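To start, the structure under review is shown below, and the notes come after it.
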Amino acid sequence: MSETNSSPVASGTGGAPSAEAAAPHRYTAAMAADIEARWQDFWDADGTYEAPNPSGDLAGDADVVARPKKFIMDMFPYPSGAGLHVGHPLGYIATDVYARYQRMTGHNVLHTLGFDAFGLPAEQYAVQTGTHPRVSTEANIENMKIQLRRLGLGHDKRRSFATIDPDYYKWTQWIFLQIFNSWYDESAGKARPIEDLVAQFESGERATPTGRPWSELSAVERADVLGGHRLAYASDAPVNWCPGLGTVLANEEVTADGRSERGNFPVFKANLRQWNMRITAYADRLLDDLDALDWPEAIKLQQRNWIGRSEGARIDFTVDGDDDARITVFTTRPDTLFGATYMVLAPEHDLIDSVLPAEWPEEARGKDAWTGGAATPAEAVAEYRKQAQTKSDVERQTEHKDKTGVFTGAYAVNPVTGTRIPVFVADYVLMGYGTGAIMAVPGQDERDWEFAEAFGLPIVRTVRPPEGWEGEAFTGQGPAINSANDEISLDGLEVAEAKSKITEWLVAKGIGEATINFRLRDWLFSRQRYWGEPFPIVYDEDGVAHALPESMLPLELPEVDDYSPRTFDPDDADTQPETPLSRNAEWVDVELDLGDGVKRYRRETNTMPNWAGSCWYELRYLDPHNADKLVDPEVERYWMGPREGQPHGGVDLYVGGAEHAVLHLLYARFWSKVLYDLGHVSSAEPFHKLFNQGMIQAYVYRDARGFPVPATEAEERDGRFFHGDEPVRRELGKMGKSLKNAVTPDEIAAEYGADTLRLYEMAMGPLDVSRPWDTRAVVGQYRLLQRLWRNVVDETTGEVTVVDGEPDEATLRALHKAIDGVGQDMEAMRFNTAIAKITELNNHLTKTGGPVARSVAERLVLLIAPLAPHIGEELWRRLGHSGSVVHQDFPVADPAYVVDETVTCVVQIKGKVKARLEVSPAIADAELEALAVGDPAVVAALGGAGIRKVIVRAPKLVNIVPA
RNA sequence: GCCGGGUUGGCGGAAUGGCAGACGCUGAUGUCUCAAACACAUCUGUCCGAAAGGGCGUGCGGGUUCGAAUCCCGCACCCGGCACCA
């Protein structure tokens, strides 16, 4: 440390030999490489970016702790085998610049980076390369660390970790157990320990589902009852089964066209016993708390849509001829009840079997569309269900225009019309939404209209469409019609009034009530994969799940010979998942003492999804080595606690791509709320401010067959593109190896230095917008640094050329305007315009010629230091300072110099500029108007016409409206 | 289909009611050099013009305003999200 400290002067230079001879101390790529390597070593040795905690092993300088805190985070990287391209670090550079600026403006800044390393891609890479995922993943992490270090990111490296570290996933498992051992108390509106629920059952305060006393229930029965309340629970339900990947997937991981987001394999519905997280219990809070978050509206909207709150009513229909059977539906349009002419149950609905009559009723005879040609309703339904089940989601999607279904032979009774209405089974009704059953109102619903047309069912309009309506179902607003019986009439009422009137009537009759329904489903949390956190769960001989005690954590992932997933023909729905961990009998079958003596248990062999590790990592950055607690409460409160403007607390700035809008960001919010409810953290939201950076795109050059050719070999001639002599077409796409257009940070840093790369990425455009990479344009930022260097250091002698004394008036104004503008831009993360302002100041100094005043040079170095930290440190040192520039104060503008001495006032006639006046910024309106009207150019332009009106906006503008 | 975001020179972009094109790239010319590269300087939206100067110009059409890239209405196209959600 002391060595780098005492020998700051660069030794090596580079570039063409003659250039070196002419200017041995020019800022070149070779010199940048030397400067950057030295300062990176210095920072590591010095611990420059270490942020002190208020207590614990990372406690530090009390003065720094007393400053306002800023917790600035990136979405941590997934270390792939391909390494980084220049698109990856965009966000990391941005948070680094912002963190450095905050450090220079009096904040205790926590900024670090870990690695998200469990999950499918790492495992697939390992399978492909034939290496163990731990070996390949750790190698990838090491490689990525080297690449990232070269960028000069100011991370507190003491706080870094990977989600695959047993010290880390111990706490992922611990949180899982917290969730497993909790239930959602609706009356309290929060999660509580499961013991509280057991106590309620024991005391009789809460009745068991069957009404039998708790004490009489067997262990298995008790486990079932509690499983119905736990926030993490195993259940048999239709799940997304992906044979091609060999695992089940969460809804969030299945694309709109029914394929796996990763691998693009078909996904099928299958009934499997799987672990789920009861995220639906938090639907309301996840929705409501969005309001106070400083997130892009687009992301908030995506979450709102995903949660999908809709208000409506539950309505019970009786089944004709069966006084006990009820079909309950959810509808957002109870006002259309008079138009319900048939009902539909989802194929998986468990009421179907109990309503099926033995034979077809009269109405169905001879209607093959209704019966599917089957002899009995039971046969017809069985056949339809079989088809529905083996249909992949892809097929359901593509066929969704043609409604299919089959009559059950049963009838329900419309409670307001008293009409018998047929009950169908059809796959356009989904088991997972609402009650899995609908009342079909073809007059007001397009899907019901299509079905009714296909099956020849009656259509009754209950809302009057507008004059001249020629469409089919009318879903808009209008007065109710055909909606009256002896007891109630909705006729003439608008939709909203009709809804509340019919709902009141349903409540009075005891056959319905107003309810709220959510689109959000519980989160499927288990995967049939090796490379994930093992569940800290074992099963006893009765199959009852038991949590491992905290003392047995972490439950380490066992070393196995065969870690590859069992995958299948992607189109074969008739397959069953197999967990890699189940192949390891020694690990699976264990004898444990869970507090009631040594017994035999069988371990859970599923693993957690790759989202688990990223659901809470912000908390572990705070207190990464704590062996006793997830995070120390005092430390957590300091960095995450609620404060002015942040009612739910959270990270001050979280930067990452928008693709996580409903995955990671929703899951992390959910875990955060559970931990908050259980009293482990003070923040109910993980991320107060979210910022989505844009993508760096790249040109893809494709030959006649559509194959990408290497982008570096494509040439432009007369506006067309060629690969050799072959014409190619250019399009804008993602950057990556497969499209042969990847540019790595290493190659740009080698050619220009990391500071140039940082500046270029920040200067390309606004951070939240996607833009194409252009290697040719990088040189612009290189030139900026060369000119900056030359304004401070003599290229021939290496001497510092700055002089003491006052700069001239114009330079002072240029300086303070730059300070003022750059400060505001930094605050608002407008790094592109901040760089433009620094460039202007630097160009001003270059143009002025002669030596630069020390006071100006030093402040220019401070302005650019957050953006280009290596050259910032180097120049700061060469200007005679001993410490690091990192902890200097950011310059403050003198307001007296921020305004120009004179400003150019434009004089317009009808909005067209006709003259310019140099005036004082403080000029009065009347004086300016007199000057403008008297200006010879204005007089000439008016040509003797009178003046109707003069608008004066001193000191910048006068607009004259002629008569 | 629904929802959200966007469209400004040859290119990335700046300007959020007041001089459109800051800053950068590209290109042209010049200085330096035996030469080239680097660097530096000047110019670089478009049309007319030798120039001075002027016309046009922020996807298209309309509107509000003394004044619109910016606000409002309609349309086209591009990007993203959701999509049989009752």
Side-chain angles (χ1 to χ4, degrees), chain A residues 15-16 18-19 22-23 26 28 255-257 296-302 304-306 308 310 312 329-333 336 344 346 396-397 399-401 403 426-430 432-441 444-448 450-451 517-521 658-659 661-662 692 695 697 716 719 732 759-760 763-766 768-781 783-784 786-787 790 795 830 832-840 842-843 846-847 849 904-913 916 948-953 956-962:
Chain A
S18 54
R26 172 169 292 178
T28 60
T255 60
D257 58 351
E297 276 308 315
I299 302 289
K300 287 194 189 183
L301 201 69
Q302 275 188 58
R304 288 193 184 108
N305 289 343
W306 190 261
S310 52
V329 303
F330 171 76
T331 176
T332 54
R333 295 293 303 275
T336 62
V344 184
R396 274 199 175 194
Q397 284 296 333
E399 291 170 8
H400 102 226
K401 281 249 145 54
K403 294 279 177 292
D427 65 1
Y428 83 92
V429 172
L430 310 174
Y433 186 76
T435 62
I438 61 159
M439 63 178 210
V441 188
Q444 271 76 230
D445 185 287
E446 285 162 16
R447 297 151 300 178
D448 296 345
E450 284 172 21
F451 191 89
N517 198 49
F518 293 94
R519 205 189 82 110
L520 184 71
R521 325 264 172 90
E659 68 275 14
V662 292
N692 293 123
M695 264 198 330
Q697 302 163 307
E716 183 174 359
L732 208 50
L759 279 174
Y760 175 65
M764 288 171 85
D768 55 350
V769 174
S770 294
R771 74 300 308 250
W773 177 265
D774 180 8
T775 297
R776 279 185 317 176
V778 176
V779 71
Q781 302 307 320
R783 287 177 190 150
L784 165 64
Q786 286 190 323
R787 275 184 283 234
R790 206 176 298 129
E795 288 189 342
R830 290 188 302 253
N832 56 330
T833 51
I835 291 169
K837 283 159 191 160
I838 290 170
T839 308
E840 277 183 277
N842 195 51
N843 287 350
T846 301
K847 205 159 281 183
T904 306
C905 174
V906 295
V907 184
Q908 300 176 331
I909 294 177
K910 289 180 76 176
K912 301 277 181 196
V913 179
R916 291 183 169 81
R948 184 152 67 95
K949 191 173 173 184
V950 180
I951 293 102
V952 183
R953 291 283 179 276
K956 302 273 284 187
L957 179 128
V958 177
N959 190 14
I960 298 167
V961 187

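Every value quoted in this text rests on a predicted model; they were computed, and no experiment measured them. A, B, ... follow the sequence lines: proteins, then strands. Residue 1 opens every chain.
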Provide the distance between the two [atom1] atoms, one in [N] and one in [M], to the nearest whole Å.
N: B:G1; M: B:C19; atom1: P; value: 40 Å
N: B:U65; M: B:C72; atom1: P; value: 16 Å
N: B:G45; M: B:A69; atom1: C1'; value: 14 Å
N: B:G9; M: B:G4; atom1: C1'; value: 29 Å
N: B:U8; M: B:U46; atom1: C1'; value: 14 Å
N: B:C60; M: B:U7; atom1: C1'; value: 11 Å
N: B:A14; M: B:G59; atom1: P; value: 15 Å
N: B:A76; M: B:A28; atom1: C1'; value: 37 Å

Counting only side-chain N and O atoms of [X], is one of them less than 4.0 Å from OP1 or OP2 of [N]?
X: A:Gln908; N: B:C19; value: no
X: A:Arg519; N: B:A83; value: yes
X: A:Asn305; N: B:G4; value: no
X: A:Arg783; N: B:U26; value: yes
X: A:Thr846; N: B:C40; value: no
X: A:Arg771; N: B:C11; value: no

Quick one: [X] [atom1] to [N] [atom2], roughly how many Å, whole number?
X: A:Gln302; N: B:G5; atom1: CD; atom2: P; value: 12 Å
X: A:Asp768; N: B:G80; atom1: CG; atom2: C1'; value: 13 Å
X: A:Leu732; N: B:G80; atom1: CG; atom2: C1'; value: 14 Å
X: A:Asp427; N: B:A86; atom1: CG; atom2: C1'; value: 15 Å
X: A:Tyr428; N: B:C84; atom1: OH; atom2: P; value: 14 Å
X: A:Lys837; N: B:G24; atom1: NZ; atom2: P; value: 14 Å
X: A:Arg916; N: B:C19; atom1: CZ; atom2: C1'; value: 5 Å
X: A:Ile299; N: B:G80; atom1: CD1; atom2: P; value: 14 Å

Check: [Y] main-chain N/O paired with [X] side-chain donor or acceptor under 3.5 Å:
X: A:Arg771; Y: A:Pro766; value: yes
X: A:Asp768; Y: A:Asn692; value: no
X: A:Tyr433; Y: A:Arg521; value: no

[X] [atom1] to [Y] [atom2] distance, which is reported to the nearest 0.5 Å:
X: A:Arg787; Y: A:Arg790; atom1: CZ; atom2: CZ; result: 7.5 Å
X: A:Met439; Y: A:Asp445; atom1: CE; atom2: CG; result: 9.5 Å
X: A:Asn517; Y: A:Thr332; atom1: CG; atom2: OG1; result: 9.5 Å

Please convert RNA chain B into dot-bracket. A pair counts if it is Watson-Crick or G-U wobble with both distances under 3.5 Å; crossing pairs go in [ ] and bases paired with another strand get |.
(((((((..(((.....[....))).(((((.......))))).((((....))))..(((((..]....))))))))))))....
Indicate yes or no: does A:Glu297 engage A:Lys300 in a salt bridge with an N to O separation below 4.0 Å.
yes
Is the gap between the ring centers of A:Trp306 and A:Phe518 under 6.0 Å?
no
With sequence neighbours left out, write down each residue that passes side chain to side chain contact (heavy atoms under 4.5 Å, CB included) with A:Asn305, or none if nothing qualifies.
A:Leu301
Conformer about C1'-N of B:G9 - syn within 90° of 0, anti elsewhere:
syn
Closest to the [X] side chain, choosing from [options]:
X: A:Arg953; options: B:C66, B:C19, B:C82; answer: B:C66
X: A:Thr839; options: B:G24, B:C38, B:A14; answer: B:G24
X: A:Asn843; options: B:A86, B:G24, B:C66; answer: B:G24
X: A:Gln781; options: B:G24, B:C38, B:G4; answer: B:G24
X: A:Asn959; options: B:U42, B:G67, B:A22; answer: B:G67

Can you find an N or O donor on one side and an acceptor on the other, under 3.5 Å apart, linking the side chain of A:Lys956 with the base of B:C19?
no
Is A:Arg948 side chain donor-acceptor paired with the B:C66 base, going by distance under 3.5 Å alone?
no
5'-most contact on RNA chain B: A:Gly780 or A:Phe330, nearest heavy atom basis?
A:Gly780
Residue whose nearest RNA chain B nucleotide is more 5′ - A:Arg787 or A:Ser770
A:Ser770
Contact class for [X] (heavy atom, under 4.0 Å): base, sugar-phosphate, or nothing?
X: A:Arg521; result: base
X: A:Ala777; result: sugar-phosphate
X: A:Leu301; result: sugar-phosphate
X: A:Asn517; result: nothing
X: A:Asp448; result: nothing

May I ask you to check if A:Lys403 and A:Tyr428 form a cation-pi contact, with NZ or CZ under 6.0 angstrom from the six-membered ring centre and within 45° of the axis?
yes
